[in-house]
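Scope of the values below: all heavy atoms of this structure, side chains included, with no hydrogens, waters or symmetry mates. Note on naming: letters A, B, ... go to the chains in the order of the sequence lines (proteins, then strands), and numbering restarts at 1 for each one.
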2 protein chains.
Amino acid sequence: MAGLGAPLLGLEKKSLREQALSALRTAITSGELEPGRHLVETELSEMLQISRGTLREALRQLEQEGLLSAGPRGRLSVRHLDEKEIRDIYAVRAALESLAARTLCELPDRQHVTESLHKAIDAMTEATNGSLEERIESDLEFHRTLCRLTGNETLLHSWESLEGSIRMSIMFAGLEKGVRNMSVDRHKDIVGAIDTGDATLARKTILEHMDTAAANLVA
Amino acid sequence: MAGLGAPLLGLEKKSLREQALSALRTAITSGELEPGRHLVETELSEMLQISRGTLREALRQLEQEGLLSAGPRGRLSVRHLDEKEIRDIYAVRAALESLAARTLCELPDRQHVTESLHKAIDAMTEATNGSLEERIESDLEFHRTLCRLTGNETLLHSWESLEGSIRMSIMFAGLEKGVRNMSVDRHKDIVGAIDTGDATLARKTILEHMDTAAANLVA
DNA sequence: TTACTACCGACTGTTAGCAGTCGACTTAAG
DNA sequence: CTTAAGTCGACTGCTAACAGTCGGTAGTAA
């Protein structure tokens, strides 16, 4: 009867590897591990209190997410983004999300879609007076929802693979620049466009949103 | 004076992890490891003659590439694709490659681009009488080149992350269906559209190509 | 037969440790 | 002072072994 506190819902006990993954992702996208920083496996494993083997599995994943770059002898360092790379990341992001918007327009029951998106917007509105981190979080949640609602698992997976790079872009440009893109109204426009069911309009709206977002970051 | 056979060019001696990665990728996309097949770490490590630790690093990467799916207790199995998933994969692929085509049109020197693409087309033409595998290989090389030439590393990386899923789609649908999409002429059309510098046309051409490609696979 | 329990085999999660290599620093010869 | 050889430390690549857990199976009692 004991020991079943957490594992009831989907909140199962995460493996050490997953914990390390989350911890490192947060450390990197928060700037605690500054870009260019050289990562030493022994150091990290001691910090996180896990073995090198377990750590290395997490590092491979971060490497593939684009948060780490590999040097000459397998040396890993935190990826450094310049302005061109930020624009490139946002170009790919725009391609993915415009596909999402287009797909949502062609969905049979847009009722549930609209509902979920409005819920996400509400969360953003609520976060307006919160911390910068909270606002960014709710914004990303909105866009992640956009991809999830399409029902295209591959699309969602691709977007999530890019999420780390997106976070780095925002962090890199500076959070104060990043929040310029958190306008609730602009996001309402996106939902509105999807509501009309006009795929061309929805795509255009997303592309414009991404364009200005990228411009705001590198400006 | 001995032992410097390979490491001269970029052909450095690959680590065991990378070798295992390639071997497994090939085994999966060739169907040697059939979809749904349950993977046991101890079995694989013995087969590949490497330790479980090294193997696990490779497995993490394959998992993130979408070639493996994780079951209840960390059990991994070869991903199984149904027709919807194939369509979904090709939708994402289309989004990425249409971005590539659009980007190439806006590039300052399209001279080099045209040259490289024509070279890729020549390789396809040469492979026309070769084996099915060779034809597929040259086709993928063409599309990979498309992404590489944009200079957008993120785009290339995203496409390569999807490449395994694309290969699985072709394998899954059957190679004889897959080769229907290897028409040299249709690829010449793509290059032609890019040559004109008309981004809208280039995008449209790629989207049509991907549409028929997906249709051919699930038909 | 049914239900319950104890046990065994299989497999993943995790760890500590060995081995090879590259770079920096030191030392000695010119 | 400069250069070449030797040495040490740091760090990654890789491996073998331990630990925990789930699923099934045999055995026992009602």
#### Entry: Distance in angstrom units between Arg75(B) CZ and dT12(C) P, rounded
6 Å
### Query
What residue pairs, at least two apart or across chains, pass ring pair (Phe, Tyr, Trp, His ring centres under 6.0 Å) with a residue in residues 98-121 of chain A?
none
### Message
Can you confirm whether more than 12 heavy atoms, excluding those of Glu106(A), are under 6.0 Å from its CD atom?
### Response
yes
### Message
For a quick check of understanding: with a heavy-atom distance under 4.0 Å over all strands, which category does Thr54(B) fall into, base, sugar-phosphate or nothing?
### Response
base
### Task
Starting from the 5' end of DNA chain C, give me the residue, Leu76(B) or Ser51(A), whose nearest nucleotide shows up first.
Leu76(B)
### Task
Using a cut-off of strictly less than 4.0 Å, decide whether Arg52(B) has a side-chain nitrogen or oxygen near OP1 or OP2 of dA16(D).
no
### Query
Quick one: which of dT15(C), dT12(D), dT14(C) gets closest to the side chain of Ser15(A)?
dT14(C)
### Message
I want to check one thing: is the phosphate of dG13(C), taken as OP1 and OP2, less than 4.0 Å away from some side-chain N or O of Arg60(B)?
### Response
yes
### Message
Rounded to whole Å, please give me the gap between CG in Leu55(B) and P in dT14(C).
### Response
16 Å
### Query
Given atom CG of Leu16(A) and atom P of dA16(C), what is their separation to the nearest angstrom?
11 Å
### Task
Tell me what Arg56(B) touches on the nucleic acid: a base, only sugar-phosphate, or nothing, going by heavy atoms under 4.0 Å.
base
### Task
Using distance alone, with no hydrogens and no angle criterion, decide if Lys119(A) and Thr145(A) have a side-chain donor and acceptor under 3.5 Å apart.
no
### Query
Checking all strands, does Gly53(B) fall into the base, sugar-phosphate, or nothing category for heavy-atom contacts under 4.0 angstrom?
base
### Query
If you measure from the Lys or Arg side-chain nitrogens to the Asp or Glu carboxylate oxygens, is any gap between Arg60(B) and Glu63(B) under 4.0 Å?
yes
### Message
Here's a test for you: under side-chain contact (heavy atoms from CB on, under 4.5 Å), which of Val179(B), Ile136(B), Asn181(B), Ile86(B) qualifies with Ile170(B)?
### Response
Ile136(B)
#### Entry: Within residues 34-43 of chain A, residues whose heavy atoms come under 4.0 Å of DNA chain D
Leu39(A), Val40(A), Glu41(A), Thr42(A)
Give each protein N/O atom lying under 3.5 Å from an N/O atom of nucleotides 19-21 of chain D, with the pair distance.
none

### Message
Testing the 3.5 Å rule here: is there a donor-acceptor pair between the side chains of Ser51(A) and Thr54(A)?
### Response
yes
### Message
What is the separation between atom CD on Glu57(A) and atom P on dT12(D), rounded to the nearest whole Å?
### Response
16 Å
### Task
In whole angstrom, give the distance that lies between atom CG of Leu21(B) and atom P of dC14(D).
12 Å
#### Entry: Residues Arg167(A), Glu163(A): salt bridge by 4.0 Å N-O rule
yes
### Query
Does a donor on one side chain and an acceptor on the other come within less than 3.5 Å for Ser15(A) and Glu18(A)?
yes
### Asp139(B)/Arg135(B) salt bridge by N-O under 4.0 Å criterion
no
## Note on the structure
In whole angstroms, the gap separating C1' of dT15(D) from CD of Glu46(B) amounts to 14 Å
